[in-house]
Amino acid sequence: HYVATAAARAPFEELKKCCLFQLADEQRHLEMDREVFERAGIPEADWRPAWEQPGTTCRFFLHVLELDDPIEILVKANFVAEGAAGPGPFTVLADGAEARGDLLSAVNHRARIRDETRHISYARALVRALIEDDPGNLAVIQRWQDESLALFAEAAKGGARRQWWEGFLDSYYRIALPLGLRPTDLSV
């Protein structure tokens with residue numbers, strides 16, 4: 001894994017607290033999503049099968065759930081995933097909710113746009129600090145990026161969601177390349 005110097009280990013307890021707050025925040029988002037599905041009239045039995053369909057990001061998120069290292073989780077989930085997706089998906093969800101007349105869901109999703117921006121900023125600061133603390137960490141973060149993007153690429157296989165995939169990569173590389181990361185070699 002990454003190399004942590006004594007200076008980096010000292011604030012590790014603070015980082016663990018940040019991870020706990022992030023977990024609680026993501027739990028709140030899941031509850032908001034549940035309410036959206038309920039208000040849209042989608043039966044609970046259909047939620048997971050829809051999420052597991054080809055062309056979704058299910059495999060990436062199942063991978064993140066299996067991780068134990070809080071730094072790896074933050075880099076993969078906040079830096080790569082949220083950094084790539086950014087607030088864009090919530091605009092789509094908000095617009096869809098408004099089209100269905102579900103104004104509460106629309107407001108919730110628009111509020112999440114600001115929240116995701118905060119997550120991305122935090123993750124960028126973390127990655128920058130890890131690299132500045134020890135330039136050798138760049139190789140570990142590169143590997144985590146490559147693993148994450150390979151899982152996300154499955155959502156665009158066969159040409160499906162090609163426009164989404166290109167926007168996803170463009171958004172991510174805007175924050176990753178300036179930190180010294182290289183584009184991941186993916187054949188989609």
Determine, step by step, whether E147 and F60 satisfy the side chain to side chain contact (heavy atoms under 4.5 Å, CB included) criterion, reporting the C-alpha distance in whole Å, the side-chain angles of both residues, the deciding distance to 0.1 Å, and the verdict.
CA-CA 9 Å; E147 292 168 358; F60 169 78; over 6 Å; no
Carefully, step by step, assess L74 and Y122 under the rule side chain to side chain contact (heavy atoms under 4.5 Å, CB included).
CA-CA 9 Å; L74 286 169; Y122 170 73; 3.8 Å; yes
Hey, mind stepping through R143 and V140 against side chain to side chain contact (heavy atoms under 4.5 Å, CB included) and telling me if it holds?
CA-CA 5 Å; R143 187 181 78 235; V140 175; 4.2 Å; yes
Please assess Q145 against L149 for the test side chain to side chain contact (heavy atoms under 4.5 Å, CB included), listing each intermediate value before the final yes or no.
CA-CA 6 Å; Q145 168 193 290; L149 292 180; 3.7 Å; yes
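Distance check, rounded to the nearest 0.5 Å: CD1 of I175 to OG of S121 gives 9.0 Å. R128 CZ to N137 CG: the interatomic distance, rounded to the nearest 0.5 Å, is 14.5 Å. F152 CZ to T184 OG1: the interatomic distance, rounded to the nearest 0.5 Å, is 12.0 Å. Atom CG of L169 sits about 7.0 Å away from atom CG of L186, to the nearest 0.5 Å. Atom CG of D68 and atom CD1 of I73 lie 7.0 Å apart (nearest 0.5 Å). Note that the NZ atom of K76 and the CD atom of E82 stand 15.0 Å from one another [nearest 0.5 Å].
The shortest heavy-atom contact between E98 and L103 is CG-CD2, 4.2 Å. Considering every non-hydrogen atom in both L181 and F79, the closest pair reads CD1-CE2, 3.7 Å. Of all the heavy atoms in L177 and P183, the pair that sits closest is CD2-CD, 3.6 Å. Residues I71 and L130 approach most closely at CG2-CD1, 3.6 Å, considering heavy atoms. Closest approach of Y173 and R182 over heavy atoms only: CE2-O, 4.4 Å. In terms of heavy atoms, L138 sits closest to L179 at CD1-O, 3.9 Å.
Heavy-atom contacts from other residues, nucleotides or ligands closer than 6.0 Å to CG of D170 number more than 12.
Side-chain heavy atoms closer than 4.5 Å link hydrophobic residues (I, L, V, M, F, W, Y) into clusters, and following such links, even through other members, never connects I42 to L104.
Judged by distance alone, with hydrogens and angles left aside, the side-chain atoms of S148 form a donor-acceptor pair with the main-chain N or O of W144 at under 3.5 Å.
Residues E38 and E44 form no side-chain contact, since every pair of their non-hydrogen atoms from C-beta on lies 4.5 Å or further apart.
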